[in-house]
Chemist: 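What follows is a structure written as structure tokens; I'll ask about it next.
What you see is a predicted model; the values in this text were computed from it and never measured. Computation of the quantities below employed the complete heavy-atom set of this structure, encompassing side-chain atoms and omitting hydrogens, waters and symmetry-equivalent molecules.
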Amino acid sequence: MKRKITYIGIGILFIFAFAFSAYKLMNARDYQLFGNITSHIETHEKVIALTFDDGPTHQTDAILSLLDNYNVKATFFLIGKDIEANPEEAKKIAAAGHQIGNHTYSHKRMVLKGPSFIKNEIEKTDALIANLGYSKVPVIRPPYGKKLIGLPYYLKKHHRETITWNLEPDTYYTEAKDKVVYVKENVQPGSILLMHPMYDATGNELQAIEGVLQALMDDGYTFVTIEELQKLQK
């Protein structure tokens, strides 16, 4: 009887350890089982990649105007269904010369999903991005940064990589000034900054972005796209 109880206890511990490991892997920003993943690059140059997730939405004009004022190019990870809903907004991003990334079609978590679902999510969005007149292969970022086995395996098979981030002010703060302070205190050369201005109706996120642009430029940083950042990889 004691031996049976011991086996049950070991089994429970094993299941707990497996679940915990899977959780850590799913949320890891700089590790996955298959293929390459980039959350930042190692460089001595004071460069940072500004990236936006989601959209496009009616906020696109305001975002593009702000970036144009600072002569900055960013990387937009767009959602396929949002491109379908707002094709003209998406075309403006491409026409302005910004890099465009694939943020899946439905923005569902890419965890415990079958190969056909993953393939459709990526390839349908790739096609929508190509229809914008964007000729490059889009970089890919999983929704919420979550991936386990299926998506990394698909990307490795197609010679593509996962792009994540190492700065995420929106996760920790709501006020623009706090987000700016967070970025200033945590930035390092080669960082990838994630922000979410597409659904912000308050103007708070745009204010935060402008504050970050001004503060880091004053400190000697240059803003680049993911493509430009990767070219500086040691």
Side-chain angles (χ1 to χ4, degrees), residues 23-24 26-30 37-41 47-67 69-70 72-83 85-86 89-90 93 98-104 106-111 125 138-147 162-219 221 223-226 229:
Y23 175 81
K24 295 286 285 184
M26 176 180 69
N27 292 288
R29 298 285 179 256
D30 53 9
I37 182 170
T38 297
S39 63
H40 66 286
I41 69 157
V47 294
I48 179 173
L50 175 59
T51 70
F52 303 126
D53 277 9
D54 308 335
T57 67
H58 64 281
Q59 295 287 91
T60 299
D61 283 340
I63 299 166
L64 292 179
S65 177
L66 175 60
L67 296 176
N69 287 343
Y70 283 85
V72 164
K73 292 292 187 269
T75 303
F76 290 76
F77 288 90
L78 302 181
I79 299 171
K81 64 181 182 180
D82 284 352
I83 295 175
N86 302 286
E89 304 303 312
I93 296 170
H98 297 281
Q99 185 174 4
I100 295 179
N102 183 325
H103 202 38
T104 74
S106 67
H107 200 257
K108 293 181 180 178
R109 287 171 172 79
M110 293 291 104
V111 178
T125 306
V139 288
I140 295 175
R141 174 176 285 164
Y144 313 101
K146 298 186 184 300
K147 70 278 173 297
T162 305
I163 304 297
T164 55
W165 60 87
N166 67 336
L167 290 175
E168 47 185 316
D170 298 343
T171 301
Y172 306 109
Y173 300 101
T174 56
E175 295 298 322
K177 64 180 186 302
D178 295 326
K179 295 181 183 183
V180 175
V181 171
Y182 162 86
V183 173
K184 286 177 63 178
E185 291 180 345
N186 292 279
V187 69
Q188 59 188 5
S191 285
I192 297 177
L193 169 61
L194 164 63
M195 302 193 80
H196 298 84
M198 284 292 181
Y199 303 133
D200 174 42
T202 66
N204 179 70
E205 188 72 350
L206 283 177
Q207 184 181 347
I209 293 167
E210 183 164 18
V212 166
L213 291 172
Q214 189 64 63
L216 295 191
M217 284 181 168
D218 288 346
D219 196 32
Y221 273 89
F223 287 84
V224 297
T225 63
I226 292 295
L229 186 69

Chemist: Might you point out which heavy atoms bring E205 and M195 nearest each other, and give the distance in Å?
Modeler: OE2-CB, 3.4 Å

Chemist: Judged by modelled atom types alone, do R141 and T51 share a side-chain donor-acceptor pair under 3.5 Å?
Modeler: yes

Chemist: Distance alone, cut at 3.5 Å: any donor-acceptor contact between the side chains of Y70 and Q214?
Modeler: yes

Chemist: Let me confirm one number: the NE2-CG distance from H40 to L193, rounded to the nearest 0.5 Å.
Modeler: 14.5 Å

Chemist: First locate atom CE of M198, then atom CG of D53, and finally report the distance between them rounded to the nearest 0.5 Å.
Modeler: 10.0 Å

Chemist: Please lay out, stage by stage, how F76 and T225 fare under the test side chain to side chain contact (heavy atoms under 4.5 Å, CB included).
Modeler: CA-CA 9 Å; F76 290 76; T225 63; over 6 Å; no

Chemist: Verify the ring-centre separation between H107 and Y144: is it less than 6.0 angstrom?
Modeler: yes

Chemist: Is the side chain of T57 donor-acceptor paired with the backbone N or O of Q59 at a distance under 3.5 Å, no angle test?
Modeler: yes

Chemist: Using side-chain heavy atoms (C-beta onward) and a distance below 4.5 Å, is I209 in contact with P197?
Modeler: yes

Chemist: State the CG-NZ distance between D219 and K184, to the nearest 0.5 angstrom.
Modeler: 8.0 Å

Chemist: Is T60 close to N86 at the side-chain level, that is, under 4.5 Å between some pair of heavy atoms?
Modeler: no

Chemist: Please find out if less than 6.0 Å separates the ring center of Y172 from that of Y182.
Modeler: yes

Chemist: Tell me whether N166 contacts the main-chain N or O of I192 through its side chain, where contact means a donor paired with an acceptor under 3.5 Å.
Modeler: yes

Chemist: Can you tell if the side chain of I140 reaches within under 4.5 Å of the side chain of H103, non-hydrogen atoms only?
Modeler: no

Chemist: Looking only at heavy atoms, which two atoms of S106 and K81 are closest? And how far apart?
Modeler: O-NZ, 3.5 Å

Chemist: Evaluate the criterion side chain to side chain contact (heavy atoms under 4.5 Å, CB included) for residue pair I37 and T164; output intermediate values, then yes/no.
Modeler: CA-CA 7 Å; I37 182 170; T164 55; 3.9 Å; yes

Chemist: S191 and Q188: which non-hydrogen atoms are nearest, and at how many Å?
Modeler: OG-O, 2.9 Å

Chemist: Are Y199 and D54 close enough that some pair of their side-chain heavy atoms sits under 4.5 Å apart?
Modeler: yes

Chemist: Distance-only, no hydrogens or angles: does the Q99 side chain make a donor-acceptor pair with backbone N or O of A74 under 3.5 Å?
Modeler: no

Chemist: What's the spacing between L167 CG and N186 CG if we round to 0.5 Å?
Modeler: 6.5 Å

Chemist: With a 4.5 Å heavy-atom cut-off, do K108 and P143 have their side chains touching?
Modeler: no

Chemist: Using a 3.5 Å distance criterion without hydrogens, assess whether the side chain of T125 forms a donor-acceptor pair with backbone atoms of N102.
Modeler: no

Chemist: Decide yes or no for F52 and T75: does some side-chain heavy atom of the first lie under 4.5 Å from some side-chain heavy atom of the second?
Modeler: no

Chemist: Check L229 against A49 and note the closest heavy-atom contact, atom names and distance.
Modeler: CD2-CB, 3.9 Å

Chemist: Got a donor-acceptor contact below 3.5 angstrom from the D200 side chain to the T202 backbone?
Modeler: yes

Chemist: For T162 and T38, what are the C-alpha separation, side-chain angles and deciding distance, and is it a side chain to side chain contact (heavy atoms under 4.5 Å, CB included)?
Modeler: CA-CA 6 Å; T162 305; T38 297; over 6 Å; no

Chemist: Is there a side-chain contact between L206 and L66 (heavy atoms, below 4.5 Å)?
Modeler: yes

Chemist: State whether the side chain of D170 and the backbone N or O of H196 hold a donor-acceptor pair below 3.5 Å, judged by distance alone.
Modeler: yes

Chemist: Test L50 against L67 for side chain to side chain contact (heavy atoms under 4.5 Å, CB included), laying out the working first.
Modeler: CA-CA 10 Å; L50 175 59; L67 296 176; 3.9 Å; yes

Chemist: So do the side chains of M217 and V72 get within less than 4.5 Å of each other, counting heavy atoms only?
Modeler: yes

Chemist: For the CG atom of L194 and the OG atom of S39, what is their distance to the nearest 0.5 Å?
Modeler: 12.0 Å

Chemist: Can you tell me if D178 uses its side chain to pair, donor with acceptor, with the backbone of Y173 under 3.5 Å?
Modeler: no

Chemist: Please find the pair of heavy atoms, one from K147 and one from P142, that lie closest to each other, and give the distance.
Modeler: CD-CG, 4.2 Å

Chemist: Test your reading of the model: is there a side-chain donor-acceptor pair from N204 to the backbone of A176, 3.5 Å cut-off?
Modeler: yes

